[in-house]
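Below, each value reflects all heavy atoms present in this structure, side chains not excepted, and no hydrogens, waters or symmetry copies.
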Amino acid sequence: MSVEPQLTAPDSSHRPSPTEPPAAKAADETLEDYTLRFAPRSYRRWTPMVVATTALGGIAYMADFSIGAGIGLAHGTGNALAAILVAAVVIFLTGFPLAYYAARYNIDLDLITRGSGFGYYGSVLTSVIFASFTFIFFALEGSIMAQGLKLGFGLPLWLGYVISTCMVIPLVVYGMKALSKLQVWTTPIWLLLMVGPLLYLVATDPGTVHTFLSYPGSHGHGGVDAASVLLGAGVCLSLIAQIGEQVDYLRFMPPKTAQNRRSWWTAVVMAGPGWVVLGALKQAIGVFLAVYVLSRVGAASATEPIRQFTGAFAAMMPSWLVVPLAVALVVISQIKINVTNAYSGSLAWTNSFTRVTKRYPGRMVFVLANLAFALILMEADMFSFLNSILGFYSNCAIAWIVTVATDIIVNKYLLKLSPQAPEFRRGMLYAVNLVGVVAFTVASGLSIALYFHALGDALQPYSPVAAAVIAFVLTPLMAVLTKGRFYLRRTSDGIDAPLLDPDGNPSSAPYECHVCRQEFERPDLAACHQHTAVICSLCLSTDRTGAHILPATPTA
């Protein structure tokens with residue numbers, strides 16, 4: 001095996017020519033927020049608990065109440081609670097390894113996916129799926145806010161959609177710095193408005209609990225059956241991709257040290273897979289409130305959070321306070337989640353576009369594009385067919401997340417066929433890794449076929465189970481069949497300095513990229529094939545000729 005000369009320091013004598021990749025526009029990372037790359041230690045100045053609070057603030061969405069209400073009204077309380085629990089367990093188990101990798105190695109879910117079975121271009125497919133997740137849920141939350149604005153101020157829905165879309169733009173422009181302040185300051189108010197009515201109803205009218213627990217649902221008979229549970233779980237599992245948004249915050253965790261070990265792990269578990277605990281509680285509350293207001297507003301309106309909380313506040317507040325408080329809760333929730341949806345969606349779209357076209361237009365272009373997609377869905381009244389959209393979407397999301405989680409747990413740590421340290425740089429990875437791409441494609445394809453009754457009505461409820469099981473089985477099977485040969489195109493990046501420090505954290509050693517003349521930390525760079533110098537990951541991504549990319553070497 002040939003070994004290229006190792007670099008100990010960058011060569012600053014070379015100046016970029018006009019033909020080299022124009023990556024310098026990403027220099028203002030306050031705006032770009034390390035869209036396509038490793039988040040350096042110099043930028044990660046927040047404590048673990050600030051990062052966790054910011055990440056958890058992003059799950060303030062009201063969709064959980066609608067999702068829980070829809071399942072409960074259709075299948076009954078028993079089936080709904082069982083479905084919520086099943087989905088929560090799956091989401092927690094699959095979310096943990098992804099959250100750990102993001103926090104430990106400071107990269108987002110797309111960068112994790114690249115090195116966990118999909119390859120450099122293979123993960124474009126999952127980036128598009130995640131970007132779709134963000135604008136679907138932005139549209140859902142925007143619809144809920146528009147319902148609140150209509151009830152509180154008489155605004156027509158179309159205008160409410162426009163307002164809910166445009167109001168997040170100033171907040172999402174400045175990325176993590178602005179979002180951390182927004183989420184920290186609004187979370188206590190949001191928690192008080194959400195939990196207060198529930199506690200009051202349970203304490204003052206215990207009969208509501210009995211009515212809630214005994215509700216049979218419009219399609220059920222009061223008992224628990226597997227088909228209803230799995231149908232409900234499939235809708236809940238559409239939220240499995242939420243871990244991608246949690247990871248967009250967790251990548252800014254500080255290095256794990258002996259001093260912060262306890263708070264670091266607490267923050268990772270809370271803000272990573274732990275988001276689903278609060279999410280499941282919100283879904284259960286949605287069932288409770290829908291049953292509570294059902295007789296007064298009807299089944300169609302009982303799934304609307306604004307109606308649920310208006311009914312709850314009416315039991316404990318003067319009439320003049322009811323609508324303002326309900327609207328305040330909806331507006332705060334919508335702002336908290338939709339800044340995250342717009343932010344994470346912009347990262348995913350930018351990532352995909354830059355790799356495919358080798359052009360870097362800047363993150364803000366895709367903030368606006370993502371909002372445009374969401375506004376179109378809102379104007380098309382997506383809220384009226386919510387569960388159908390989520391049930392279909394969940395098959396793709398489950399297949400993706402389970403594939404990546406299985407690659408980390410089984411292929412990296414048990415079989416040791418996948419490199420344990422994540423890799424995301426162009427030239428270090430093969431364009432496509434058959435392990436993840438085949439597992440994901442087969443799992444999502446077959447589960448979607450099941451969902452659309454292609455294999456009979458009896459199997460239709462099992463589509464989410466099929467997506468998870470097929471992805472879990474095929475991912476290690478493909479790794480064994482390919483002997484792990486499609487993970488790494490190279491075993492060395494040509495820089496004679498370790499990627500990790502003695503504590504196992506990404507090294508903070510600085511190097512200057514000889515193309516854009518910006519300084520980056522060690523994990524973000526590789527040796528340049530054309531010059532005795534180093535080049536950053538974004539300049540590699542935008543290199544249209546491929547002249548800077550190191551040649552492939554045989555793997556061990």
Side-chain angles (χ1 to χ4, degrees), residues 87 90-102 107-137 233-248 272-273 275-276 341 344-345 347-349 351-352 355 389-412 418 422 424 429 432-451 463-479 487:
V90 173
I91 290 172
F92 189 94
L93 293 177
T94 56
F96 180 81
L98 277 58
Y100 170 75
Y101 257 59
I107 53 179
D108 68 15
L109 188 50
D110 176 73
L111 272 59
I112 294 172
T113 300
R114 293 184 198 179
S116 297
F118 282 79
Y120 184 75
Y121 289 109
S123 69
V124 169
L125 181 62
T126 58
S127 288
V128 171
I129 289 172
F130 179 56
S132 302
F133 169 87
T134 64
F135 70 68
I136 288 172
F137 278 89
V235 177
C236 295
L237 282 169
S238 64
L239 297 169
I240 197 171
Q242 175 64 31
I243 190 63
E245 297 195 349
Q246 303 306 113
V247 158
D248 281 336
W275 76 265
V276 78
N341 282 327
S344 293
L347 299 182
W349 285 121
N351 220 318
S352 301
R355 272 179 292 159
I389 291 178
L390 298 184
F392 163 75
Y393 178 82
S394 67
N395 294 289
C396 296
I398 293 165
W400 166 37
I401 297 299
V402 172
T403 297
V404 177
T406 303
D407 191 86
I408 293 174
I409 296 169
V410 179
N411 294 356
K412 291 185 186 299
S418 175
F424 64 91
L429 296 167
V432 174
N433 187 341
L434 295 177
V435 173
V437 172
V438 169
F440 165 77
T441 303
V442 173
S444 57
L446 287 177
S447 62
I448 289 172
L450 284 174
Y451 182 78
S463 65
V465 176
V469 171
I470 295 170
F472 180 75
V473 172
L474 277 185
T475 302
L477 178 61
M478 287 301 301
Y487 281 97

Report the distance from atom [atom1] of [X] to atom [atom2] of [Y], rounding to the nearest 0.5 Å.
X	Y	atom1	atom2	value
Ile112	Ile107	CD1	CD1	5.0 Å
Thr475	Ile408	OG1	CD1	11.0 Å
Ile401	Leu93	CD1	CG	13.5 Å
Leu125	Thr441	CG	OG1	6.0 Å
Phe440	Ile398	CZ	CD1	11.5 Å
Gln242	Ser344	CD	OG	8.0 Å

Practice item. From the options Ser444, Ser463, Ser238, select the one residue that forms a side chain to side chain donor-acceptor pair (under 3.5 Å) with Asn395. Key: Ser463

Check your understanding: Which residue, Asp110, Asn433, Asn351, forms the side chain to side chain donor-acceptor pair (under 3.5 Å) with Ser123?
Key -> Asp110

Exercise for review: Check whether the ring centres of Phe133 and Phe137 lie less than 6.0 Å apart, and answer yes or no.
Suggested key: yes

Does any part of the side chain of [Y], heavy atoms only, come nearer than 4.5 Å to the side chain of [X], both counted from C-beta?
X	Y	value
Tyr121	Val437	no
Val435	Asn411	yes
Leu109	Arg114	no
Phe118	Leu429	no
Ser127	Arg355	yes
Ile409	Phe96	no
Pro476	Thr406	yes

Taking all heavy atoms of [X] and all of [Y], pick out the closest pair and write down the distance.
X	Y	value
Cys396	Ile448	SG-CD1, 3.6 Å
Trp400	Phe130	CH2-CB, 3.5 Å
Ile243	Pro273	CD1-N, 4.2 Å
Ala397	Ala241	CB-CB, 4.2 Å
Thr94	Ala405	O-CB, 3.5 Å
Ala471	Val402	CB-CG1, 3.8 Å

Exercise for review: Start with the C-alpha gap between Tyr451 and Leu446, add the side-chain angles, then the distance that decides, and say whether side-chain contact (heavy atoms from CB on, under 4.5 Å) holds.
Suggested key: CA-CA 9 Å; Tyr451 182 78; Leu446 287 177; over 6 Å; no

Exercise for review: Could you verify whether a donor N or O on one side chain and an acceptor N or O on the other, from Thr134 and Asn341, lie under 3.5 Å apart?
Suggested key: no

